Amino acid sequence: MGRHSLPDDFATEEHRGGPPPRRRRTVAIATMLVLAVAAGTAVAVQGGVLSFSGSCEDSSVKLSMAASPDIAPAMRAIADKAREDEVRSDGRCLDVKVVARDSYKVADALATGDKSLDFQVWLPDSDLWLDRAKGVGESIPITPSDSVASSPVTLAMVPPAAEKLGWPRKTYSWAELVASAMESDKVRLGAADPARSATGLLALTSIGASSDKQGGNSGTRVAETAKVLAQRMSDGDTQVLETLARDGSGTEEGNPKRNQAVLLSEQAAFAHNAEAAGEGKVDLFYPKDGSPLLNYPYTLVDEPKLSTEEARAALRFMTLLNDRGSRAILTRHGFRSVDGTAGEAVVTAAGGRTPQPYATAADAPTAQALQETLGMWTITVQSARLTTVVDASGSMATPVPGRGQSRMDVTKASLIQALGQFTPEDEIGLWEFATTLDGEKDYRELMPTRRLGDPVKGGGTYRDKLSAAFAGLEPVPGGATGLYDTTLASYQAAQSSYVKSKFNALVILTDGSNQDAHGISRSALIDRLKQLADPQRPVPIIAIAVGPDADREEVSAIAEVTGGGGYEVSDPAEIQAVILQAIMTAGQNGRAAQE
């Protein structure tokens, strides 16, 4: 069933031609409402109650709409005009009160069955919130219908930063654009929390899809992007705009708290530019592989409990939103039509300019893709507590072909590089292992697992001290690989120091198979790890086999019983990327197990 309409004096104009609305939801408003409209309209037409006679002071039907803050001003303007024009439903004037509410807050309240909600209509900025609102158990039912407007997700930059990336002549894919922005030390990139912002989540999902098309390790690229965004993250779309440099002055550009680039909707850029001046305005990059759309689905809240008058008035207001006058109001506020098309006036006012491909809409991401991205974001930005265990056996002195460095040298450099991806809140420690490294023990703790941002005696932070410890790692001449005893000891230590609310994991790097004939056996180790593993205190092992002599099957068998996984790299330089990918995967596995 398509968009609903009523034979009122304000006739609905269906959009003319063009592609169908993105993620179009043609869900019926509900059986009761449809029947009520069918029956009531016949009576109304016969009795003439759809005319404009009579005074609105005598009676009106009141509705309350909770609208996403970006579209709430346009909805108020349309509601005000409806009151002025005495627009009616079944002879009673429409009186719609519009309140601005963050979409994620409304979704969470609906999902938990919050009885204090006092609105009958919800207009979130994206239909991705509808699945979140459904919840389980005592959730409040919702009845979504079609979209009322749209706005593409873009990357906004202050003019000096945009100029550095070749705006407007140079075009980029999502993956290329974000990579170029992140590679420049002077382009600070910010975003709203994807757990609270449809703009942030859609952009991050698009980066992943774009990276997939270009090949390579797309999961790692998205994880790296998430780490960067997490360090300059704002709570919501309104707050992220406040982080932009206000002008082109050296003071603003040099302020470390100011961003030069932010993930933003076109409409948000439109509203920002309407109030900003000069270099405080933003320029927009529209990725050439398509921009996802915010799509504003019109949704009834707890429809079975609405009175017939309320339900029909809600439907009347929805049809009004497709009227020519209402669409003109939406355009004046920077919104596009439902199908994503826009006049050049909106685009240029928002900061777009040819040849940026502003008319291109991306395919809608699937619900699964969005959920996977959100899961990755939650885990990747969650503070991590990692114990890093590095093989120091003599074979780590073996040269890496084509590099002129040993396995240990390349491993150290990769670990130091990976360290830069973690925040001051992350906790990381360091062990090394080789046979009889410390008396009868095959292992030794070099640095306890501590917060990277902690100050240390003599100046600097724990990150600095840990980086120096990585740099100081050296192969033990004649030392063999004491993998099994080390794995058990380090796992027990990591589990005993487990910190709730952090992502706890054990990262083991080895270039060979176990060579300690006097220690625990492989089967005994796996049995012991099975006994120790606690779903309430998960510590997945991320085991990385480095070089041609390492046994991935062995490390995988050990790691998987803890909820982790085994990985193989032929070049130690790949360790940084694999660690980020492994953390993301292990975190998602842990979430799935808990759910």
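This one's a predicted model, so the numbers in the text were calculated from it and none came from an experiment.
- The main-chain N or O of Ala198 is never found under 3.5 Å from a side-chain atom of Ser126 such that the two would form a donor-acceptor pair.
- Rounding to the nearest 0.5 Å places CE of Met65 at 9.5 Å from CG of Leu300.
- Between the Ser197 side chain and the Pro194 main chain, no donor and acceptor come within less than 3.5 Å of each other.
- With sequence neighbours excluded, the residues that form a side chain to side chain contact (heavy atoms under 4.5 Å, CB included) with Arg463 are Leu419, Pro424, Leu452, Thr461.
- Closest approach of Pro355 to Thr171, counting heavy atoms only: O-CG2, 4.0 Å.
- Side-chain contact between Val539 and Thr562 is absent, with no heavy-atom pair separated by less than 4.5 Å.
- Rounding to the nearest 0.5 angstrom, the gap separating the CD1 atom in Ile428 from the CG atom in Leu386 is 5.0 Å.
- Judged purely by atom type and a 3.5 angstrom limit, Ser68 has no side-chain atom pairing as donor or acceptor with the backbone of Pro124.
- Closest heavy-atom contact between Phe270 and Val346: CD1-O, 3.7 Å.
- Of the possible polar contacts, none joining the Asp302 side chain to the Gln120 backbone as a donor-acceptor pair under 3.5 Å is found.
- Counting heavy atoms from C-beta outward, Glu176 and Ser173 have side chains that approach closer than 4.5 Å.
- The aromatic rings of Tyr104 and Trp129 sit tilted, their planes meeting at an angle between 30° and 60°.
- The aromatic rings of Tyr296 and Phe335 lie perpendicular to each other, with more than 60° between the two planes, well past the 30° mark.
- Within the 4.5 Å cutoff, the side chain of Gln356 has heavy atoms near those of the Phe285 side chain.
- In this structure, Leu201 CG and Ser206 OG are separated by 9.0 Å, a value rounded to the nearest 0.5 Å.
- Across Ala543 and Ala559, no two heavy atoms sit closer than the pair CB-CB, 4.2 Å.
- Minimum heavy-atom separation, Leu189 to Asn259: C-OD1, 4.0 Å.
- Shortest non-hydrogen contact noted between Val555 and Gly566 is CG2-CA, 4.2 Å.
- Here the straight-line distance linking atom CD of Glu574 with atom CD1 of Ile544 works out to 10.5 Å at 0.5 Å rounding.
- Environment of CZ in Arg232: crowded, with over 12 heavy atoms of neighbouring residues, nucleotides or ligands closer than 6.0 Å.
- For Lys281, there are no salt bridge (charged side-chain N to carboxylate O under 4.0 Å, His left out) partners two or more places apart in sequence or in a different chain.
- Shown are Ile558, Val389, Leu506; of these, the side-chain contact (heavy atoms from CB on, under 4.5 Å) with Tyr491 is made only by Leu506.
- At distances below 3.5 Å, at least one donor-acceptor pair connects side-chain atoms of Arg188 with backbone N or O atoms of Arg258.
- The backbone N or O of Pro159 sits nowhere less than 3.5 Å from a side-chain atom of Lys164 that would complete a donor-acceptor pair.
- Between Gln267 and Ser151, the shortest heavy-atom contact is N-OG, 2.9 Å.
- For Ala268, the side chain to side chain contact (heavy atoms under 4.5 Å, CB included) criterion is met by Leu241, Leu264, Ser265, not counting sequence neighbours.
- A donor-acceptor pair under 3.5 Å is absent between the side-chain atoms of Thr205 and the main chain of Ala203, judged by distance alone.
- Judged purely by atom type and a 3.5 angstrom limit, Trp167 uses its side chain to pair as donor or acceptor with the backbone of Leu284.
- Leu123 CG to Ser147 OG: the interatomic distance, rounded to the nearest 0.5 Å, is 9.0 Å.
- In this structure, the side chains of Leu321 and Met75 come closer than 4.5 Å at one or more pairs of heavy atoms.
- Not counting sequence neighbours, the partners of Ala230 by the side chain to side chain contact (heavy atoms under 4.5 Å, CB included) test are Trp377, Val381.
- Side-chain contact between Leu294 and Leu202 is present, with heavy atoms from C-beta onward closer than 4.5 Å.
- A salt bridge links Arg196 with Asp235: at least one charged nitrogen is closer than 4.0 Å to a carboxylate oxygen.
- In terms of modelled atom types and a separation under 3.5 Å, the side chain of Tyr172 and the main chain of Tyr286 share no donor-acceptor contact.
- By the salt bridge (charged side-chain N to carboxylate O under 4.0 Å, His left out) test, Asp193 pairs with no residue at all, sequence neighbours left out.
- The stretch residues 101-110 participates, sequence neighbours left out, in these salt bridge (Lys or Arg N to Asp or Glu O under 4.0 Å) pairs: Asp102-Lys105, Asp108-Arg132.
- Counting only heavy atoms from C-beta outward, the side chains of Ser150 and Val338 never approach each other to under 4.5 Å.
- Ser326 contributes no side-chain N or O that, together with a main-chain N or O of Ile78, makes up a donor-acceptor pair within less than 3.5 Å.
- Contact check for Glu427 versus Ser383: no side-chain heavy atoms found under the 4.5 Å cut-off.
- Looking at Val121 and Val301, their side chains never come closer than 4.5 Å, going by heavy atoms from C-beta outward.
- Atom CZ in Arg451 sits 13.0 Å away from atom CZ in Arg385 (nearest 0.5 Å).
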